[in-house]
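Reading through the structure tokens given below for one structure.
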Amino acid sequence: HVAARNQLALAQRQAGDLSGFTTSMQLKDQSQALVDRLVALNQEIIDHPERIEARRELAKVCRQLGKDSLAVMWDR
């Protein structure tokens, strides 16, 4: 997600579509923040597997990233 959004943003900037570039960069940053949160939650669960709320949040983040099969796993 992140790399593709970045490539799209750069192509939009090169084409002179500054509005599209700005929107794509914002979406890239949001995707990167979700990936960063996924990594942090995954580590938290490794360290503290009893934290149910972390598992639920990780499932939510997985869904937001379009990783539905992972979300189902973490929802168990």
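- The two residues M25 and A9 come nearest to each other via the heavy atoms SD-CB, 3.5 Å.
- Evaluation of the side-chain hydrogen bond (donor to acceptor under 3.5 Å, both in side chains) rule for E53 yields R56 as partners, not counting sequence neighbours.
- Residue Q14 places its CD atom among 12 or fewer non-hydrogen atoms of other residues, nucleotides or ligands, all under 6.0 Å distant.
- Applying the side chain to side chain donor-acceptor pair (under 3.5 Å) test to residues at least two apart or on different chains, the pairs with a partner in residues 64-76 are R63-D75.
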Begin with the C-alpha distance, continue with both residues' side-chain angles, and end with the deciding distance and a verdict on side-chain contact (heavy atoms from CB on, under 4.5 Å) for V35 and Q32. CA-CA 5 Å; V35 169; Q32 185 63 57; 4.3 Å; yes
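- For R5, the side-chain hydrogen bond (donor to acceptor under 3.5 Å, both in side chains) test picks out S31, with sequence neighbours left out.
- Closest non-hydrogen pair, F21 versus Q12, comes out as N-OE1, 3.6 Å.
- Taking each heavy atom of D17 and G20 in turn, the nearest pair found is OD1-N, 2.8 Å.
- To the nearest 0.5 Å, atom CD of residue E57 and atom CZ of residue R51 are 12.0 Å apart.
- The cluster map of Ile, Leu, Val, Met, Phe, Trp and Tyr, joined by side-chain heavy atoms under 4.5 Å apart, puts L27 and L38 in different clusters.
- Residue T22 holds its OG1 atom at 10.5 Å from CZ of R13, rounded to the nearest 0.5 Å.
- Atom CD of E50 and atom CZ of R55 lie 10.5 Å apart (nearest 0.5 Å).
- L41 and A54 get closest at one heavy-atom pair: CD2-O, 4.0 Å.
- Across N42, L34, L70, a single residue satisfies side chain to side chain contact (heavy atoms under 4.5 Å, CB included) together with C62, and that is L70.
- Residue M73 is grouped with residue V61 when hydrophobic side chains (ILVMFWY) are merged at heavy-atom distances under 4.5 angstrom, including chains of intermediate members.
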